[in-house]
Amino acid sequence: MYYSTGNYEAFARPRKPEGVDGKSAWFVGAGLASMSSALFMIRDGQLPGDRISIVERLPLPGGALDGIKRPEKGFVIRGGREMEDHMECLWDAFRTVPSLEIEGASVLDEFYWLNKDDPNFSLCRVTEAQGQDAHTNNLFGLDDAAQKDIVRVFLATREEMEDKRIDEVFSKDFLGSNFWLYWRTMFAFEEWHSALEMKLYIHRFVHHIGGLPDLSALKFTKYNQYESLVLPLYRWLLDQGVTFHFDTQVTDIDFAFDGDGDGQGADVSKRATRIHWVQDGVRGGVDLGPDDLVLATIGGLTENSDEGDQHTPAKLDESPAAGWALWQNIAAKHPSFGRPEVFCGDIQKTKWESATVTTLDARIPAYIEKIAQRDPFSGKVVTGGIVTARDSSWLMSWTVNRQPHFKMQPADQIVVWVYGLFVDVPGDYTGKTLQESTGEEITREWLYHLGVPVDEIDELAANAATAVPVMMPYVTSFFMPRKAGDRPDVVPAGAQNFAFIGQFAETTRDCIFTTEYSVRTGMEAAYRLLGIDRGVPEVFGSTYDVRHLLKATSRLRDGEEVALPGPAFLRERLFARLDGTQVGELLTDFRLIPEHGGTVVRERADDAVE
């Protein structure tokens with residue numbers, strides 16, 4: 001397997017790999033990583049779909065990409081997915097999947113046209129004082145010390161950031177900035193999370209720094225992630241003959257090791273020999289030969305999720321979790337299979353809670369419209385991403401995506417997603433922590449920060465909305481501080497017929513908690529195991545593009561020019577030397593130095609960097 005960039009590899013069709021007709025594939029888990037990997041095996045590896053089986057503990061596919069209506073409870077979305085242009089593997093997959101909405105179009109076509117016609121951006125990113133615009137004015141508010149923090153982390157090696165917390169490498173100046181407020185609420189970072197992952201995020205999305213304050217960097221699906229992404233892919237796979245085994249819990253995988261004495265060497269030959277599962281209370285499984293491939297999703301951010309309802313809090317379920325137990329069983333067999341306890345061993349640092357609020361009449365939507373400055377019933381972008389109440393003791397954020405968010409949603413209802421980063425702190429209105437709150441109590445706290453008059457809050461929470469809280473013990477587990485070896489490689493050294501996929505498998509420069517990461521691990525696994533002779537798209541290289549770096553530098557300084565040290569005459573001599581040069585033009589275009597001589601800010605119509 002190798003990486004590529006550009007249209008030459010992107011548009012080419014690989015030849016059929018040698019020996020593929022004799023192979024079969026078993027996938028553990030029916031999340032996005034498994035389903036996209038199956039697509040690549042069928043499309044690019046020409047493995048017949050009827051030789052692919054996907055085993056899933058739950059009764060439906062999608063994993064963390066969910067969206068459902070619960071009888072007697074209401075609509076439930078545990079989380080949302082923020083997408084962007086350069087999710088290269090994701091879009092490579094969904095260009096093949098037919099849209100369920102538009103005849104003759106792919107899911108990518110549908111998504112592309114939607115976001116062209118209705119581009120996403122926020123008109124109010126941060127509120128305070130009960131629903132008042134905080135007027136952060138799209139500014140980052142980074143002083144010199146905070147800017148130096150970012151530069152230092154950006155230039156550091158991966159090894160220097162391993163096993164470090166964010167608050168160990170960033171100063172209080174940085175942690176008190178608007179930048180950190182935007183960043184942590186958008187990506188769900190806590191101060192005790194991984195400095196390495198923070199570094200990877202900065203590199204990965206440096207081209208979107210300018211779109212961070214107003215969320216214009218983001219793109220969203222028409223409906224919830226299940227109906228817009230999972231369901232079309234699931235139906236395509238069924239049409240190809242793929243078999244799904246639902247309500248089947250994989251408990252372990254056996255391996256055979258050849259080579260050195262104890263079989264524990266990094267490069268020792270390794271082969272998966274059997275999958276063990278439990279179905280309807282009966283133990284079963286399948287033996288694996290050399291041509292039987294197994295691709296296992298390990299860990300799980302939504303494992304042990306618990307739903308409450310309007311009158312019942314969601315519970316924190318700390319019992320053994322199936323996805324983690326599977327990885328722990330696997331990891332015990334070889335050092336190269338990772339260290340799951342690094343990620344699942346401290347629930348108090350990996351948990352948070354969300355709630356899906358469904359409005360029942362027009363009263364609450366009127367307050368949403370006041371903040372969003374858009375009609376929530378228009379069918380178009382509403383909040384344009386999350387709105388954060390920065391003075392909320394829960395650090396509460398909420399969003400209203402395009403409505404209806406569910407195809408079966410009544411036309412007079414609005415579905416709202418609410419979450420809080422601090423689940424153990426008493427609320428500002430209810431006085432209760434997020435973890436101990438019912439759906440109705442969470443709605444009360446949200447309405448308080450929405451700006452609803454206090455004397456109306458309780459009645460509206462009781463009669464104008466219904467809410468379903470969801471506690472997720474492991475939702476930020478992949479953000480825990482880590483080092484090399486804590487996550488297994490997608491295809492470990494010496495692996496003959498197996499791969500690890502999903503958020504807890506290690507691949508190159510990409511960052512986690514994205515749909516792209518799941519699809520990338522699935523694509524790499526399929527290409528390696530089948531020997532597909534086509535490049536996997538590399539992670540978008542904006543971190544190596546001087547134009548994107550200059551643009552990001554300008555935005556991080558809130559447009560302020562770089563103050564060059566030394567006497568004025570030396571600065572003028574430097575500007576004179578830069579006048580008319582390509583370097584001078586770039587520095588001037590991105591407003592890092594003033595216009596000088598004949599060098600003025602250009603419209604930059606000759607490239608793709610605005």
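When reading the values below, keep in mind they use all heavy atoms of this one structure, side chains included, and skip hydrogens, waters and symmetry mates. All residue numbers in this chain count up from 1 along the given sequence.
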| field | Contacts of type side chain to side chain contact (heavy atoms under 4.5 Å, CB included), residue Ala322, not counting sequence neighbours | value |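 For Ala322 the side chain to side chain contact (heavy atoms under 4.5 Å, CB included) partners, ignoring immediate neighbours, are Arg57, Gln249, Glu303.
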| Going by the ring-ring contact (aromatic ring centres under 6.0 Å, His included) test, which pairs reach into residues 211-233, not counting sequence neighbours? |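 Qualifying pairs: none.
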Ring centroid separation for [X] and [Y], is it under 6.0 angstrom?
| X | Y | answer |
| --- | --- | --- |
| Phe479 | Phe513 | yes |
| Phe343 | Phe478 | no |
| Trp417 | Trp398 | no |
| Trp26 | Trp277 | yes |

If I compare all heavy atoms of [X] with all of [Y], which pair ends up nearest, and what's the gap?
| X | Y | result |
| --- | --- | --- |
| Phe189 | Ser194 | CE2-O, 4.3 Å |
| Asp317 | Pro473 | O-CG, 3.5 Å |
| Ser393 | Pro426 | OG-O, 2.6 Å |

| Side-chain donor or acceptor of Ser477 paired with backbone N/O of Tyr474 under 3.5 Å | yes
| Between Arg444 and Asp458, does at least one N-O distance fall below 4.0 Å, as a salt bridge requires? |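 The answer is yes: the pair qualifies as a salt bridge.
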| message | As a test of understanding, state which of Thr358, Thr356, Ile368, Thr383 forms a side-chain contact (heavy atoms from CB on, under 4.5 Å) with Val416. | response |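 In the set Thr358, Thr356, Ile368, Thr383, the residue that makes a side-chain contact (heavy atoms from CB on, under 4.5 Å) with Val416 is Ile368.
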